[in-house]
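Just below is one structure, and these are the notes that go with it.
Proteins get letters first, then strands, A, B, ... in listed order; numbering begins at 1 in each.
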Amino acid sequence: MYWRLATSMLGRGVPRPWLVPTGLRTGSVGCSRWEEEKSADGVKWKQLEHRGPYFVPLYEPLPDDVQFYYDGKPLKLSVATEEIATFYAKMLDHEYTTKEIFQTNFFNDWRKEMTPQEQKIIKHLDKCDFREIHKYFVDKNEARKALSKEEKQKLKEEADKIQEEYGYCILDGHREKIGNFKTEPPGLFRGRGDHPKMGMLKKRIMPEDVIINCSKDSKIPEPPVGHKWKEVRFDNTVTWLASWTENVQNSLKYIMLNPSSKLKGEKDWQKYEVARRLKDVVHKIRAQYQADWKSKEMKKRQRAVALYFIDKLALRAGNEKEEGETADTVGCCSLRVEHIKLHPKLDGQEHVVEFDFLGKDSIRYYNKVSVEKPVFKNLQLFMKNKDPGDDLFDRLNTVILNKHLQNLMNGLTAKVFRTYNASITLQEQLKALTNPEDNVAGKLLSYNRANRAVAILCNHQRSTPKTFEKSMQNLQTKIDAKKQQLEKAEQELKKAEDEFEDTKDAKAEANVQKKKKLLERLKEQLAKLNVQATDKEENKQIALGTSKLNYLDPRISIAWCKKFGVPIEKIYNKTQRAKFAWAIDMTDEDFEF
DNA sequence: AAACGCGACTCAGAAAACTCGGC
DNA sequence: GGCCGAGTTTTCTGAGTCGCGTT
């Protein structure tokens, strides 16, 4: 990997490009010439060449014997109408289709695409019968699973060929993997949580919708035959290869590089370096916001309390969002009065704030936190004479907050606190939990626990896996069986020892040794199973992946692996190792975040 | 100056696809 | 030695953050 060289050259003791300006900037806030990342006018590449997006296959009409029924009677649909019908039919056993908003949005959008005749007939969704179409797709899926080994192999090869052709680009002379090289197929929009637009029709992306970005002197990608690109541009200040506007939310979608790429890797590295710089000033910042809790200015007080939440609870910044366009979720600055309850005393603790709100992806944040008295008093003040639907921090937003943070440290924004607190927590937890005497399994449990502490801090949740109870039971069965084996082995050892007492012959002695070994092995296996069970139970509703991938400086984990003799593959799978190649390359066991 | 709207990027969990160990 | 299913990895695309230009 060519850039490994580059990164190793940038390792310890060697100035890192984006850190040099910081050093020079010390004490000279506002010197924009040295702003982070702007050193080269924001140029992201010199050369970019690619094939353009891979367009998902066009719709194939249903066979004639698969019918749609309206009001109990078969009805042949036009191809366009039928295609949209299949989107709904495919989702029939999904909870989405039971929701009224989903149904309404779908039906409205569907009717828009119908022919006038169809519009005249199809007036009510509840008279539509998609079950035969649904069954067709279920069967088709089954059939695909049942294909022979050779047929599957053939499909795999075709997919590999597409990946090979469209999945890579040339960036500054080097072949890099693309993250998402396929256009998103048409379908029904599925938002998270209570999304007002769920069920709307997401239209097919055509070459005419796509903007290509590449370098002028590169081989410009050919649009599919008979088609044209919307535009070809040569903008080297951005990292995307292609983009289009998505019709449901009217937002841009991009084709970008894979996390394993140099471009993304360096950005990731940079992110952690900013978080590490926060480490040096965080004590000062904390002292400052604590002082600001008593400020005369209400705006400052709100800023100080919000920042305290962001720091202590790792809340997200909380930008405003357009009402009615998305699910009603909030972050710190957008918290409303209804999202917190104040308890002067609760469960033996004083000044308890009870948080209950929906955050990103409509994941519930529920937490009871004992806070410092001034914070509590301030919150009472902020809530005074307000309705439940009013903003808690009415004089604050993310722009004001981030401007303030920028003054405290260059490159500092609200999200840096999440990165910083996540990484520092991992480092501290690893220090506290790792027992050098443990075997690898034991150490991995400690690692997972440290990781889990971070996931809890960041509120990374998952729904309990459908198979959880069952697999827990299976594990318990295994444990019980192992216990029995162990008991039996103990008895046999005792028997062997007695026999040796009697005979004192070499054969009996060897037998004792053999039984001892067996017992040891069983004990170890049992311990391992117990560890597994604990780990599993504790992980039931917690998602470790997000923090591992996005918040934890990989160098902490790599240093830990090296220090305690844990193979890196036990912590990071192949993809993760590719993403963190920059860190694997430069980190030794002494690394400190 | 501050509100706004857009653009570009990171972060997010669900679902699909794949793998691998036990029978 | 192939099949099954649980566990793991990869894909997918929606949901945030934050900066910038415009008004």
Answer with base, sugar-phosphate or nothing: what part of the nucleic acid does A/L549 contact at a heavy-atom distance below 4.0 Å?
nothing
Rounded to whole angstroms, how far apart are CZ on A/R577 and P on C/dT8?
15 Å
Under 4.0 Å between a Lys/Arg side-chain N and an Asp/Glu carboxylate O for A/K262 and A/E176?
no
Is it true that the NZ or CZ of A/K90 lies under 6.0 Å from the centre of A/F87's six-membered ring and within 45 degrees of the ring axis?
no
Rounded to whole Å, the NZ-P distance (A/K177 to C/dT9) equals 15 Å
With a 4.0 angstrom cut-off to heavy atoms of chain A, pull out the first and last contacting nucleotide of DNA chain B, in 5'-to-3' order.
B/dG7 to B/dA17
Of A/A543 and A/N250, the one whose closest nucleotide on DNA chain B sits nearer the 5' end is A/N250
Which whole-number value in Å describes the distance from A/Q576 CD to C/dT9 P?
7 Å
Full working for side-chain hydrogen bond (donor to acceptor under 3.5 Å, both in side chains) between A/S547 and A/N451:
CA-CA 8 Å; A/S547 51; A/N451 192 167; 3.1 Å; yes
Show the nearest heavy-atom pair for residues A/C169 and A/L257, with the distance to one decimal.
SG-CD2, 3.4 Å
With a 4.0 Å cut-off on heavy atoms, is A/K145 in touch with a base, just the backbone sugar-phosphate, or nothing at all?
nothing
In terms of heavy-atom contacts, A/K536 and A/F468 come closest through O-CE1, 3.6 Å
Which atom pairs, one a donor and one an acceptor, fall under 3.5 Å between side chains of residues 191-205 of chain A and the rest of the protein, sequence neighbours left out?
residue : atom : partner : partner atom : Å
A/H195  : NE2  : A/E325  : O            : 3.3
A/K197  : NZ   : A/V248  : O            : 3.1
A/K197  : NZ   : A/E325  : OE1          : 3.0
A/K202  : NZ   : A/E184  : OE1          : 3.0
A/R204  : NH1  : A/P57   : O            : 3.1
A/R204  : NH2  : A/E83   : OE2          : 2.9

Just how far, in rounded Å, is P of C/dG19 from CG of A/L401?
11 Å
Just checking A/Y551: base, sugar-phosphate only, or nothing, at a heavy-atom cut-off of under 4.0 Å?
sugar-phosphate
Produce a footprint string for nucleotides 13-18 of chain C: one letter per nucleotide, 5' end first; B if the base is under 4.0 Å from any protein heavy atom, S if only the sugar-phosphate is, - if neither.
SBBSBB
Quick check: A/F181 with A/Y166 (ring centres under 6.0 Å apart)?
no
Please name the pair of heavy atoms, one in A/Y365 and one in A/N367, separated by the smallest distance, quoted to 0.1 Å.
OH-ND2, 2.9 Å
Is it the case that A/Y254 and A/T239 place a side-chain donor and acceptor less than 3.5 Å from each other?
no
Both distances below 3.5 Å, Watson-Crick or wobble geometry, any strand: find the nucleotide opposite B/dT10.
C/dA15
Reading DNA chain B from 5' onward, which residue's closest nucleotide shows up sooner: A/S547 or A/R233?
A/R233
Write down the distance between NZ (A/K403) and C1' (C/dC20), rounded to a whole number of angstrom.
11 Å
Taking A/H404 for the side chain and A/R303 for the main chain, is one N or O donor matched with an acceptor at less than 3.5 Å?
no
Separation of A/K579 atom NZ from C/dT9 atom P, in whole Å?
15 Å
So what does A/K536 hit on the nucleic acid, given a heavy-atom distance under 4.0 Å: a base, only sugar-phosphate, or nothing?
sugar-phosphate
Quick one: label A/S243 by what it contacts on the DNA or RNA (base, sugar-phosphate, nothing), any heavy atom closer than 4.0 Å.
nothing
Rounding to a whole Å, what distance do you find between A/N258:CG and C/dT9:P?
16 Å
